[in-house]
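A quick write-up on the structure given underneath.
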Amino acid sequence: LFYPVLQWSGPPWTLTKQALFGWWIILSTATDYYFEYTECDSTGSRWRVAIPHRQGSCSGLPEPVRGTDCTFSCEAGEFLEMSSQQCTACAAGSYSLGSGVRFDQWDSIPAGFSSLATYMEPEGSGDESLSCNNSSWTPQGTHLESNRDECTVSLVYAVHLMKQGSVSFDYQYVDNNVFFEFFIQNDQCQEMDQTADQKWIKLTSNGEWGTHTVNLKSGTNILYWRTTGILLGGKPVKPVLLKNIQIEGVAYTSECFPCRPGTFSKTPGSSSCDLCPRNTYSNKGASSCTPCPEAQYSEEGWAECKERPPCSEKDYFQIHTACDSNGKTQVLYRWVEPKVCVEDNVTGAVTLPPSGEKEDCPPCNPGFYTHNSSTCLPCPPGTFSDGITDCQACPAGTEPSLGYEYKWWNILPRNMKTSCFNVGNSKCDDMNGWEVAGDHIRSGIGGSDNDYLILTLRVPGFKLPTSVAGVTASEFGRITFVFETICSADCELYFMMVSSFTNVVESWEGTKSRRAYTHIMTKNASVSYTWAFQRTNKPSDVRRFVNDIVKIYSITVTNALDGSASSCHACALVSQESGSSCVPCPAGHFIDKDTNQCQECPPNTFLSGHHIYGEEACQQCGPGSKSNKEHSVCFSDCSFSHTDQNRTLTYDLSALSSVGSIMNGPSFTSKGTKYYHQFNISLCGPEGRKVAVCTDNVTDLSSKDLQSESAALNNYVETFVCQSTIIPADGRGFRTALSSQSISLADTFLGATVESTLDGVSVRPDLFPETSRKLPDINFFYRSPRITASCEHGRSAVITLRCNPEKGERGELTCPAGTCDGCMFYFLWESSSACPICTEADYHSIEGACKGGMQDTLYVWNEPKLCTKGVSLPEKSSAPCEAVPLWLKVGIGGGAFMAVLLISLTCYFWKKNKRLEYKYSRLVMSANKECELPAADSCALAEGEGEENEDDVVYSNTPSLLGKLKTYSFQSRLGHLIYNQIKLLSVSSFSSRGVKLNL
């Protein structure tokens with residue numbers, strides 16, 4: 001038989017089924033040959049055969065013998081000796097897991113592991129700077145560290161199990177800007193079935209290690225640890241740390257593993273190695289640790305000793321003793337433990353300053369009193385104190401305001417603790433991370449610059465004041481602290497909340513001036529608040545930035561379950577009788593200042609927080625909003641009205657009551673990662689319940705049942721408007737889209753109005769296209785009061801509703817580029833539902849012609865139609881009519897009468913004109929007879945004279961009406977001229993005769 005020899009650098013259990021074409025190579029103690037097993041047959045049997053080291057040397061080889069069962073394995077601390085096929089105990093200085101393997105030494109990436117880096121390259125991008133060739137998992141001695149950029153890096157390990165087993169590993173995952181997943185493939189590159197909990201790794205607190213365990217099936221298992229960083233703000237991500245990978249289920253272990261440097265196993269048959277104590281060291285495979293020389297030192301688990309440095313101011317710190325009976329405290333100086341520096345006979349070394357100087361003790365914290373001048377104790381229940389005076393009973397009609405108020409730091413409060421942690425070593429495990437300093441508490445020295453200096457405050461729960469115990473609470477308590485950071489390097493302060501999971505509430509980088517920060521608790525649960533300070537996140541084994549510190553001046557927690565009282569507040573009483581006890585007010589009630597009785601808030605008002613004393617606690621809801629029954633929140637009931645030019649416009653927005661979603665983007669990071677911003681909006685309805693939900697670290701963007709799956713979600717927010725960052729499945733190797741960085745944009749509804757400004761929040765009309773329609777836009781204003789490092793005044797959102805009949809009832813929701821800057825968010829929602837309800841003023845009638853005595857009337861909408869729902873168009877109507885309308889008859893009759901009248905007047909004046917013409921003619925004829933006049937007293941005609949002949953005057957031609965009028969005008973002027981001439985002649989003639997003539 002010919003047995004091919006496989007060239008394989010890794011351990012035998014890392015061979016895949018394809019690589020196992022021949023046999024597993026197991027070295028024996030023989031010098032000329034070694035033993036190996038054949039593949040298992042269908043019955044689970046195999047043979048042990050000998051393989052020569054040199055090809056062609058086949059003589060003298062042992063005969064094949066039946067091997068152990070394929071599922072055989074040794075116990076922990078043993079290995080399978082192939083020549084005897086018996087389990088043998090490991091020697092001192094080595095260890096074995098029996099049927100498993102452990103990787104806990106990371107000076108380099110062990111054989112069998114590989115690191116693969118990829119990134120998504122946008123189309124047309126050829127920039128070599130986007131390459132991920134330098135991105136990989138990096139060994140750091142005690143652990144592996146993932147990349148800090150946007151590349152997707154996978155740590156891959158293939159193992160062949162002969163029976164069912166498991167894989168477990170320790171990890172540290174603190175940055176939600178990194179997606180960390182663990183999944184398994186079979187030898188066909190098909191992903192094994194895993195739940196979301198098994199695949200998506202949960203976040204850990206800063207400085208804490210988590211453990212993840214997944215069961216493995218027999219056969220080939222390819223393990224993937226994959227990280228993807230998303231640099232949305234240009235800030236480097238914090239890497240994922242990985243250590244202690246242990247795999248169970250390999251068929252056997254053919255050799256024991258030597259203990260890594262800095263560890264030892266002193267007894268044979270060990271399943272693990274122990275760390276060397278401080279001031280000792282060991283080499284690889286050691287069975288004991290060697291002490292360091294006197295002038296050198298080492299930390300726990302070191303592989304070598306280092307020279308002790310000279311002592312400096314960085315190696316000691318100052319503390320205060322507890323107050324004595326005289327109210328004095330001593331200032332003491334202590335070396336940082338463990339002390340590694342040298343203070344004697346070394347140039348430049350400093351000595352410890354003298355201790356014992358006494359100072360006055362600071363007063364007790366509010367809610368405490370001084371006991372025997374030396375100890376501060378909390379006030380008994382029902383009493384209060386400002387920390388200086390003795391505890392006093394609360395006055396009648398009041399109750400104590402429970403909580404914590406720490407502003408003096410002589411000793412650490414009983415519910416606080418401090419610690420130090422480093423992911424790479426245990427130098428600072430026994431150190432205090434923070435030190436009290438009178439009027440503040442400050443970060444400690446630590447063992448190295450990248451230590452996490454941790455301060456923790458434990459709150460067992462929250463208890464609302466009696467008067468508001470029956471209120472549907474949106475705030476159970478709040479924590480406020482005042483701090484400042486002084487840094488010369490890239491220090492960072494984390495504020496975290498640990499309840500069912502760890503949540504980094506806020507963080508601050510670099511130097512920050514003295515400021516206050518407040519976080520509101522919206523759930524009643526036991527919680528730990530943690531402050532973690534790190535001088536630098538770069539690997540460090542020294543203290544160069546010891547002067548980089550953080551100071552916390554005060555910490556205040558309201559409504560703490562086991563808190564003490566620094567003051568009292570009014571409460572509601574059963575009656576006004578003396579000695580009456582406090583009772584809870586019903587939801588939506590305030591305490592009347594005059595009677596201390598509960599009274600309901602006026603309509604459309606809400607109670608602000610838990611201040612319910614006096615009617616001023618009931619604040620008016622904004623325009624276009626109303627309060628719920630409990631007066632706990634203001635909301636829009638999906639109706640709106642507005643008066644414009646003496647016309648009232650009424651809107652029905654019920655079609656927009658369900659949650660609306662919009663995906664804004666895509667955008668690309670500097671490495672080319674495509675991402676979107678998804679916004680979920682709850683505009684109105686549901687009695688003020690905030691039904692817009694955004695979740696983190698989920699693999700399905702569809703609606704989820706939060707009641708059943710909330711435990712599987714790392715983080716989710718419920719609010720009016722929320723935002724999530726979505727990484728699509730394409731381009732980064734993800735099989736499903738990912739969601740992260742979920743935040744609330746709108747916790748409070750300010751109101752709805754057509755005005756452009758409300759309560760300090762303004763609309764920017766230049767961000768959206770103008771509309772030619774005359775209807776005004778409706779603006780919904782929201783605010784989230786939570787203050788962040790980038791939004792000092794919180795976040796605000798404005799949703800503009802615009803009437804657009806072409807968009808349908810649900811319409812189209814948009815957030816154009818540039819409208820969402822991280823603090824102010826503007827949305828445009830165009831919909832037919834944003835049009836007013838139709839009324840009679842929105843249509844007009846058109847009357848048809850009168851045909852056959854009937855006339856039709858049609859009704860049509862005004863164009864363009866800018867209304868919805870409401871009244872309908874009336875049906876076409878018909879009414880009887882006449883051929884000649886009454887007005888036309890009246891017009892014709894009037895016209896005929898005027899015509900007759902005009903003709904009559906014309907005839908009358910024509911006849912009068914003829915008479916006057918005749919008289920003038922007679923007068924002219926008599927005046928032309930040699931200018932002789934009759935000897936009469938008057939030259940005028942006698943009455944009736946000449947009239948008898950006037951009918952004898954005949955005119956040959958009959959002029960027209962126009963001609964008659966012209967002739968009348970001409971003769972009138974001519975007659976006037978003749979009259980003047982006759983008058984002159986008559987006057988001159990009779991004057992010469994002395995006769996008086998009367999004309």
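These numbers come from the heavy atoms of this one structure, side chains and all, not from hydrogens, waters or symmetry mates. Not measured: the values here are computed from a predicted model.
- No hydrogens or angles considered: nothing links the side chains of N279 and S298 as a donor-acceptor pair under 3.5 Å.
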query = Could you go step by step and tell me if S115 and S136 meet the side chain to side chain donor-acceptor pair (under 3.5 Å) rule?
reply = CA-CA 6 Å; S115 182; S136 66; 4.7 Å; no
task = Could you walk me through whether E299 and R278 pass salt bridge (charged side-chain N to carboxylate O under 4.0 Å, His left out), step by step?
result = CA-CA 5 Å; E299 297 294 340; R278 285 192 175 97; 3.0 Å; yes
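- Below 30°, between 30° and 60°, or above 60°: for Y529 and H519 the angle between ring planes is above 60°, a perpendicular geometry.
- Cation-pi geometry between K339 and W335 is met: the NZ or CZ atom falls under 6.0 Å from the ring centre, inside 45° of the normal.
- Side-chain contact, R795 with S744: no donor N or O sits under 3.5 Å from an acceptor N or O.
- Between H212 and F169, the ring planes lie tilted relative to each other; the angle falls in the 30° to 60° range.
- Annotation: side chain of W137 is not in contact with side chain of F113 (no heavy-atom distance under 4.5 Å).
- Take Q296 and apply the side chain to side chain donor-acceptor pair (under 3.5 Å) test, not counting sequence neighbours, and it matches E307.
- The aromatic rings of F368 and Y406 sit tilted, their planes meeting at an angle between 30° and 60°.
- Annotation: Y171 is not in aromatic contact with W225 [ring centroid separation under 6.0 Å not met].
- A donor and an acceptor atom, one from each side chain of S784 and D747, are located under 3.5 Å apart.
- Under the 3.5 Å distance criterion, with hydrogens and angles disregarded, no donor-acceptor pair is assigned to the side chains of S488 and N547.
- The side-chain heavy atoms of I555 and W531, taken from C-beta on, include a pair separated by under 4.5 Å.
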task = Take F481 and F495 through the test ring pair (Phe, Tyr, Trp, His ring centres under 6.0 Å) and record every step on the way to the result.
result = CA-CA 10 Å; F481 59 93; F495 174 59; 5.0 Å; yes
